[in-house]
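Below is one structure, written out as structure tokens, with a few remarks after it.
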Amino acid sequence: MEEGKGVVKHMVLAKFKDGISENQIEEYIKGYANLVNIIEPMKSLHWGKDISIENLHHGFTHVFESTFETKEGLAEYIAHPVHVEFANVFLSSLDKVLVVDFKPTTVDI
């Protein structure tokens, strides 16, 4: 297997602090999704809530997956002032966060 070529995925696993309402979470999600309209290298955002029956989520309740065409595009996004401003507010609402960036790789069998 060789490292994937092409797009880069940016995964954020989050657990919101107790006391953060569903309405507040919805506003954070809308704000996160709106970054696609503002920061050109960010091509898409998908999100969801944990529905696992294995109970291996370690307390993380929400997952956010964004797609970039290149590692350079991801770096541009991370440094972008609008992302920095959003991230500071978003991260302050979280009890836990885990971020992983990777290039999807297909396994040839």
Side-chain angles (χ1 to χ4, degrees):
M1 285 182 272
E2 61 183 80
E3 179 181 312
K5 294 179 173 28
V7 301
V8 175
K9 296 289 187 173
H10 179 70
M11 302 287 298
V12 177
L13 279 69
K15 178 187 184 298
F16 288 92
K17 291 179 179 174
D18 291 341
I20 302 290
S21 72
E22 287 299 319
N23 286 344
Q24 289 172 297
I25 292 171
E26 192 173 310
E27 289 303 310
Y28 287 125
I29 292 167
K30 288 178 183 175
Y32 202 156
N34 192 47
L35 296 178
V36 175
N37 299 318
I38 299 169
I39 305 174
E40 193 279 327
M42 186 180 188
K43 300 304 178 190
S44 67
L45 174 77
H46 297 96
W47 76 276
K49 290 175 107 175
D50 175 65
I51 59 167
S52 175
I53 60 170
E54 296 178 289
N55 201 28
L56 297 173
H57 53 74
H58 297 278
F60 293 103
T61 56
H62 292 73
V63 62
F64 301 89
E65 176 203 59
S66 45
T67 302
F68 300 85
E69 290 180 346
T70 63
K71 288 193 296 188
E72 294 77 16
L74 175 59
E76 183 181 333
Y77 160 82
I78 289 170
H80 194 285
V82 175
H83 169 260
V84 171
E85 181 180 344
F86 173 78
N88 286 336
V89 174
F90 180 70
L91 292 173
S92 72
S93 73
L94 300 180
D95 187 36
K96 297 171 66 163
V97 66
L98 175 67
V99 179
V100 177
D101 301 316
F102 68 100
K103 288 180 160 274
T105 303
T106 302
V107 178
D108 296 323
I109 299 177

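FYI, side chains are in, hydrogens and waters are out, and symmetry mates aren't considered; it's all heavy atoms of this structure.
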Group every Ile, Leu, Val, Met, Phe, Trp and Tyr by side-chain heavy-atom contacts under 4.5 Å, then state whether [X] and [Y] land in the same group.
| X | Y | value |
| --- | --- | --- |
| Met11 | Trp47 | no |
| Ile29 | Ile38 | yes |
| Ile20 | Val12 | yes |
| Phe16 | Val63 | no |

Validation row: [X], [Y] side chains within 4.5 angstrom (heavy atoms):
| X | Y | answer |
| --- | --- | --- |
| Glu27 | Gln24 | no |
| Ile25 | Glu22 | yes |
| Tyr77 | Phe68 | yes |
| Val82 | Leu35 | yes |

> Under the side-chain contact (heavy atoms from CB on, under 4.5 Å) criterion, do Glu72 and Glu76 qualify, and how do the steps go?
Replying inline: CA-CA 6 Å; Glu72 294 77 16; Glu76 183 181 333; over 6 Å; no
> Taking all non-hydrogen atoms of both residues, which atom of Pro41 and which atom of Gly73 are closest, and how far apart?
Replying inline: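 In terms of heavy atoms, the two residues are closest at CB-O, 3.4 Å.
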>> Can you tell me which residue among Val99, Leu13, Leu45 is in a side chain to side chain contact (heavy atoms under 4.5 Å, CB included) with Phe64?
In response: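 Of all the options given, the one that passes is Leu45.
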>> Checking side chain to side chain contact (heavy atoms under 4.5 Å, CB included) between His10 and each of Asp101, Thr67, Val100, which is the one that passes?
In response: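 Result for side chain to side chain contact (heavy atoms under 4.5 Å, CB included) with His10: Asp101.
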Looking at [atom1] of [X] and [atom2] of [Y], how far apart are the two atoms once the value is rounded to the nearest 0.5 Å?
| X | Y | atom1 | atom2 | value |
| --- | --- | --- | --- | --- |
| Ile39 | Asn34 | CD1 | CG | 9.5 Å |
| Leu74 | Lys103 | CG | NZ | 10.0 Å |
| Glu26 | Ser21 | CD | OG | 9.5 Å |

> For His80, what residues pass the ring-ring contact (aromatic ring centres under 6.0 Å, His included) criterion, not counting sequence neighbours?
Replying inline: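 Applying ring-ring contact (aromatic ring centres under 6.0 Å, His included) to His80 gives none.
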Exercise answer: donor-acceptor pairs, residues 55-62 side-chain atoms, under 3.5 Å, sequence neighbours excluded:
unit_1 : atom_1 : unit_2 : atom_2 : d
Asn55  : OD1    : His57  : NE2    : 3.2
His57  : ND1    : Gly59  : N      : 2.9
Thr61  : OG1    : Ala14  : O      : 3.3

> Judged by atom type as modelled, is there a donor-acceptor pair below 3.5 Å linking the side chain of Thr106 to the main-chain atoms of Pro104?
Replying inline: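 It does not hold such a pair.
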Please report, to 0.1 Å, the donor-acceptor pairs under 3.5 Å made by any side chain of residues 85-94, with sequence neighbours excluded.
unit_1 : atom_1 : unit_2 : atom_2 : d
Asn88  : ND2    : Val84  : O      : 3.3
Ser92  : OG     : Val89  : O      : 2.6
Ser93  : OG     : Phe90  : O      : 2.6

> Going by atom types alone, do Lys9 and Ser66 pair a side-chain donor with an acceptor below 3.5 Å?
Replying inline: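 Absent: no donor and acceptor within the cut-off.
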